[in-house]
Visitor: 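Sending over a structure as structure tokens; questions will come in a sec.
Keep in mind that this is a model prediction, so the values were computed, not measured.
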Amino acid sequence: MASLWTPICDKLGIEFPIFGFAHDVKTVAAISNAGGYGVYGATRRFPHEISDELQQIQDLVGGKPFGVDLVLPPDMPQHNSREAIEAEIPPEHKAFVEDLIQRYNVPKGSGPGMRTRFIRSQEIETAQLKAVINSDVNMFACGIGAPPEAVAQAKARGKVTLALIGSPHHVQRTIAAGVDIIVAQGYDAGAHTGPIGTFSLVPQIVEAAGDVPVLVAGGVATGRHIAAALAMGAQGVWLGTAWLLSQEHQGHMHPVNTKKLIQAGSGDTVITRSESGKTFRQVRTGWSQEWESENAPTPLKMPYQDVLVGDLLGAIEEHDIEPLIHSGAGQSIGYFNEVRPVQTIMDELVGQSVTALRAQSQFLR
Ligand SMILES: Cc1cc2nc3c(=O)[nH]c(=O)nc-3n(C[C@H](O)[C@H](O)[C@H](O)COP(=O)(O)O)c2cc1C
């Protein structure tokens with residue numbers, strides 16, 4: 001029986017060219033165990049947590065390959081200093097957040113939120129990278145920015161390196177940094193995303209990347225999308241939104257988010273800078289609408305916006321403030337309407353890809 005395969009499968013030792021990004025250990029391990037390549041989003045984890053969690057994934061996948069992703073944006077402050085950043089936040093922004101807290105009756109959180117556990121800084125990025133380099137993880141993925149020194153360190157330890165990019169202009173810089181695989185991530189994608197649509201982006205990146213393999217991200221939800229990705233010259237796909245409604249991920253997700261994601265169609269996501277300071281696609285909720293309102297201030301740059309809203313975001317989930325609870329998600333969320341195991345999602349993607357690839361041959365004569 002035919003199955004889905006591209007050369008990158010043999011190169012990396014995986015069954016299917018389907019890469020899955022997730023923020024939790026169980027989902028990542030399930031993706032690798034289902035024949036794909038699971039990648040752990042560790043950018044909000046302390047270095048010692050990264051070491052522990054990569055070991056946990058390793059224990060769950062046996063010898064199967066898996067990766068880790070860090071977001072290493074340029075121009076972050078040198079030190080992990082919340083006070084220094086807080087001192088620079090304009091009073092107008094603080095007042096807006098205070099007003100949200102009052103109007104929605106949000107009690108204080110028991111601790112900092114996910115975005116304020118630590119503040120992005122060069123100091124913490126260096127320590128996170130060290131934890132990655134010293135682990136046995138097979139792949140190091142760069143979410144935003146691919147610093148050449150980080151890529152070189154990972155390669156020196158025998159790791160495959162990968163970078164997500166959203167513009168053809170970034171191809172040469174990424175290849176020059178020594179990256180082995182490029183993910184071309186289009187506008188449809190969940191969380192941080194750029195302005196160019198997946199269809200417009202991918203063939204340009206494939207063309208410019210030459211021999212460097214390209215994966216397609218942003219809007220991939222079915223085997224038809226996978227067949228289209230291969231038709232555009234890519235060697236595989238990279239999905240994030242698809243796993244949000246996996247059974248394995250539910251322990252990591254507020255139940256209100258599960259409900260909102262099940263109900264959301266492709267038209268129900270928005271891009272907002274209110275989450276992190278950079279353009280971020282999420283399901284439209286009271287949160288995004290408040291920041292779009294006439295009296296809302298313009299969100300601050302990263303990491304100032306993180307500091308401004310991080311504690312509140314944590315408190316919103318901790319105290320079940322339903323209208324403001326939200327999740328990052330891409331336009332492909334419209335294809336996912338129930339909670340299913342990762343294995344079922346993977347089987348469906350592979351089965352549909354084979355059908356779609358077979359169907360394409362009818363157009364040849
Ligand atoms: C909730 C969520 C959080 C994400 N966080 C990160 C991240 O920390 N680092 C990263 O490189 N990509 C992140 N992504 C993007 C994914 O890696 C992937 O490129 C994207 O989800 C692919 O498009 P899709 O959402 O249409 O599947 C995130 C995606 C989602 C949905």
Visitor: Examine the side chains of His225 and Gln352 and answer whether a donor and an acceptor come within less than 3.5 Å of each other.
Guide: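 Short answer, no.
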Visitor: So does Ala131 get a backbone contact from the side chain of Asn134, meaning a donor-acceptor N/O pair under 3.5 Å?
Guide: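 Judged by distance alone, no pair lies under 3.5 Å.
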Visitor: If I take atom OG from residue Ser327 and atom CG from residue Leu244, how far apart are they, to the nearest 0.5 angstrom?
Guide: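 Ser327 atom OG to Leu244 atom CG measures 5.0 Å (nearest 0.5 Å).
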Visitor: Considering residues, nucleotides and ligands other than Lys26, do more than 12 of their heavy atoms fall under 6.0 Å from its NZ?
Guide: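 Open: at most 12 neighbouring heavy atoms sit under 6.0 Å from NZ of Lys26.
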Visitor: Apply side chain to side chain contact (heavy atoms under 4.5 Å, CB included) to Asp24 and Val28, showing your working.
Guide: CA-CA 6 Å; Asp24 73 289; Val28 172; 5.8 Å; no
Visitor: With a 4.0 Å cut-off on N to O distance, would you call Asp180 and Lys155 a salt bridge?
Guide: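 So Asp180 pairs with Lys155 through a salt bridge.
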Visitor: Does Tyr187 have Arg281 sitting over its ring (NZ/CZ under 6.0 Å from centre, angle to axis within 45°)?
Guide: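 Yes.
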Visitor: Could you tell me whether a side-chain N or O of Arg224 sits under 3.5 Å from a main-chain N or O of Ser353, the two making a donor and an acceptor?
Guide: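 Such a contact is absent between Arg224 side chain and Ser353 backbone.
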Visitor: Has the side chain of Glu317 got a donor or acceptor atom that lies under 3.5 Å from a matching backbone atom of Gly314?
Guide: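 Flag not set: sc Glu317 to bb Gly314 has no pair under 3.5 Å.
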Visitor: Is there side-chain contact between Ile181 and Ile8, with at least one heavy-atom pair below 4.5 Å?
Guide: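 They are in contact (side-chain heavy atoms under 4.5 Å apart), so the answer is yes.
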Visitor: Identify the residue among Glu125, Gln128, Arg120 that makes a side-chain hydrogen bond (donor to acceptor under 3.5 Å, both in side chains) with Thr43.
Guide: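 Only one option passes, and that is Arg120.
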Visitor: Hey, does Leu349 have a side-chain heavy atom less than 4.5 Å from the side chain of Leu239?
Guide: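 Yes, side chains in contact.
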Visitor: Does a side chain donor of either Gln153 or Glu149 reach within less than 3.5 Å of an acceptor in the other side chain?
Guide: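 There is no such pair (donor and acceptor under 3.5 Å, judged by atom type) between the side chains of Gln153 and Glu149.
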Visitor: So that I can tick it off, tell me whether Asp311 and Arg82 are bridged by a salt bridge, with the cut-off set at under 4.0 angstrom between side-chain N and carboxylate O.
Guide: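 The answer is yes: the pair qualifies as a salt bridge.
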Visitor: Would Tyr104 and Glu290 count as a side chain to side chain donor-acceptor pair (under 3.5 Å) if you check the C-alpha gap in whole Å, the side-chain angles of each, and the deciding distance to 0.1 Å?
Guide: CA-CA 11 Å; Tyr104 286 89; Glu290 286 290 351; 2.6 Å; yes
Visitor: Between Trp243 and His249 (judged by ring centroids, cut-off 6.0 Å), do the two rings come close enough to count as a pair?
Guide: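 For Trp243 and His249, the ring centres are not under 6.0 Å apart.
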Visitor: Tell me whether Thr241 contacts the main-chain N or O of Ala329 through its side chain, where contact means a donor paired with an acceptor under 3.5 Å.
Guide: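 Looks like no, no N/O pair under 3.5 Å.
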Visitor: Indicate yes or no: does Asp306 engage Arg44 in a salt bridge with an N to O separation below 4.0 Å.
Guide: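 Arg44 and Asp306: salt-bridged.
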Visitor: Side-chain donor-acceptor pair under 3.5 Å between Ser276 and His192, yes or no?
Guide: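 The criterion, which ignores hydrogens and geometry beyond distance, is satisfied for His192 and Ser276.
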Visitor: Is it true that Thr344 and Asp347 share a donor-acceptor pair across their side chains at a distance under 3.5 Å?
Guide: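 Per modelled atom types, Asp347 and Thr344 side chains form no pair under 3.5 Å.
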Visitor: Look at the side-chain heavy atoms of Ile, Leu, Val, Met, Phe, Trp and Tyr, link any pair under 4.5 Å apart, and say whether Ile119 and Ile89 land in one connected group.
Guide: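 Same hydrophobic cluster.
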Visitor: For the CG atom of Leu245 and the CZ atom of Arg340, what is their distance to the nearest 0.5 Å?
Guide: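 Output value for this atom pair is 9.0 Å.
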Visitor: Any link between Val183 and Val212 through a network of hydrophobic side chains (Ile, Leu, Val, Met, Phe, Trp, Tyr) touching at under 4.5 Å?
Guide: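 Per the 4.5 Å side-chain linkage, Val183 and Val212 are not co-clustered.
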Visitor: Step by step, work out the side chain to side chain donor-acceptor pair (under 3.5 Å) result for Asp320 and His254.
Guide: CA-CA 8 Å; Asp320 308 318; His254 194 291; 2.7 Å; yes
Visitor: Nearest 0.5 Å, please: how far is OG in Ser274 from CG in Leu308?
Guide: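 Taking CG in Leu308 and OG in Ser274, the distance rounds to 10.0 Å.
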Visitor: Answer whether the closest heavy-atom distance between the side chains of Thr272 and Thr279 falls below 4.5 Å.
Guide: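 No, their side chains stay 4.5 Å or more apart.
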Visitor: Does a side-chain heavy-atom distance below 4.5 Å link Trp287 with Val309?
Guide: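 Answer yes - side chains close enough.
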Visitor: Indicate yes or no for a side-chain donor-acceptor contact from Thr355 to the backbone of Gly351 under 3.5 Å, with no hydrogens or angles considered.
Guide: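 Checked: pair present.
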Visitor: Can you check whether Tyr37 and Phe66 have ring centres sitting under 6.0 Å from each other?
Guide: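 Here the rings of Phe66 and Tyr37 have centres that are no less than 6.0 Å from each other.
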Visitor: How long is the gap from OG on Ser81 to CD on Glu123, to the nearest 0.5 Å?
Guide: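 Interatomic distance, Ser81 OG to Glu123 CD, rounded to 0.5 Å: 9.5 Å.
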Visitor: Salt bridge between Glu322 and Lys259, side-chain N to carboxylate O under 4.0 Å?
Guide: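 Salt bridge between Glu322 and Lys259, a charged N being under 4.0 Å from a carboxylate O: yes.
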Visitor: Can you name the closest pair of heavy atoms from Ser246 and Thr27 and give their distance?
Guide: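 Of all heavy-atom pairs spanning Ser246 and Thr27, the closest is OG-CG2, 3.8 Å.
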Visitor: Would a 4.5 Å heavy-atom cut-off, applied to side chains only, mark Val39 and Met139 as touching?
Guide: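 SC-SC contact between Val39 and Met139 confirmed.
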Visitor: Determine whether the aromatic ring centres of Phe16 and Trp5 lie less than 6.0 Å apart.
Guide: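 Here the rings of Trp5 and Phe16 have centres that are no less than 6.0 Å from each other.
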Visitor: I'd like to know if the side chain of Gln282 and the backbone of Gly328 have a donor-acceptor N/O pair within less than 3.5 Å.
Guide: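 Pair absent, no side-chain N/O of Gln282 close to backbone of Gly328.
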Visitor: Using a 3.5 Å distance criterion without hydrogens, assess whether the side chain of His93 forms a donor-acceptor pair with backbone atoms of Thr298.
Guide: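 Such a contact is found between His93 side chain and Thr298 backbone.
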Visitor: Would you check if Pro303 and Ile85 make a side-chain contact, meaning some heavy-atom pair closer than 4.5 Å?
Guide: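 The answer is yes; the side chains approach within 4.5 Å.
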Visitor: Answer with yes or no whether the hydrophobic clustering places Ile262 together with Tyr335; edges join I, L, V, M, F, W, Y residues whose side-chain heavy atoms lie under 4.5 Å apart.
Guide: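 Yes, it is one cluster - the side chains of Ile262 and Tyr335 are joined through contacts under 4.5 Å.
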Visitor: So do His326 and Lys260 actually touch side chain to side chain, heavy atoms under 4.5 Å?
Guide: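 A side-chain contact is absent here, since even the closest heavy-atom pair is not under 4.5 Å.
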Visitor: Does NZ or CZ of Arg115 fall inside the cone over Phe280's six-membered ring, less than 6.0 Å from its centre and within 45° of the axis?
Guide: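 Geometry flag: set, cation within 6.0 Å and 45°.
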Visitor: Ignoring hydrogens and geometry, is there a side-chain-to-backbone donor-acceptor pair from Gln122 to Met76 under 3.5 Å?
Guide: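 Yes; judged by distance alone, with no hydrogens or angles, the pair exists.
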Visitor: Distance alone, cut at 3.5 Å: any donor-acceptor contact between the side chains of Gln55 and Asp59?
Guide: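 The criterion, which ignores hydrogens and geometry beyond distance, is satisfied for Asp59 and Gln55.
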Visitor: Is there a side-chain contact between Pro168 and Ile196 in this structure, where contact means two heavy atoms from C-beta onward sitting under 4.5 Å apart?
Guide: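 Touching, per the 4.5 Å side-chain cut-off.
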Visitor: Applying a strict under-4.5 Å side-chain criterion to I, L, V, M, F, W and Y, I'd like to know whether Leu312 and Val307 cluster together.
Guide: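 Linked within one cluster.
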Visitor: So, taking the atom named NZ in Lys64 and the one named CD1 in Ile31, what distance separates them when rounded to the nearest 0.5 Å?
Guide: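 Here the rounded value is 13.5 Å.
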Visitor: Kindly write out the residues that satisfy ring pair (Phe, Tyr, Trp, His ring centres under 6.0 Å) with Phe21, not counting sequence neighbours, or none if the list is empty.
Guide: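 Phe21 satisfies ring pair (Phe, Tyr, Trp, His ring centres under 6.0 Å) with His23 only.
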Visitor: Under a 3.5 Å distance rule, please check whether Glu248 uses its side chain to pair with a backbone N or O of Val342 as donor and acceptor.
Guide: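 Present.
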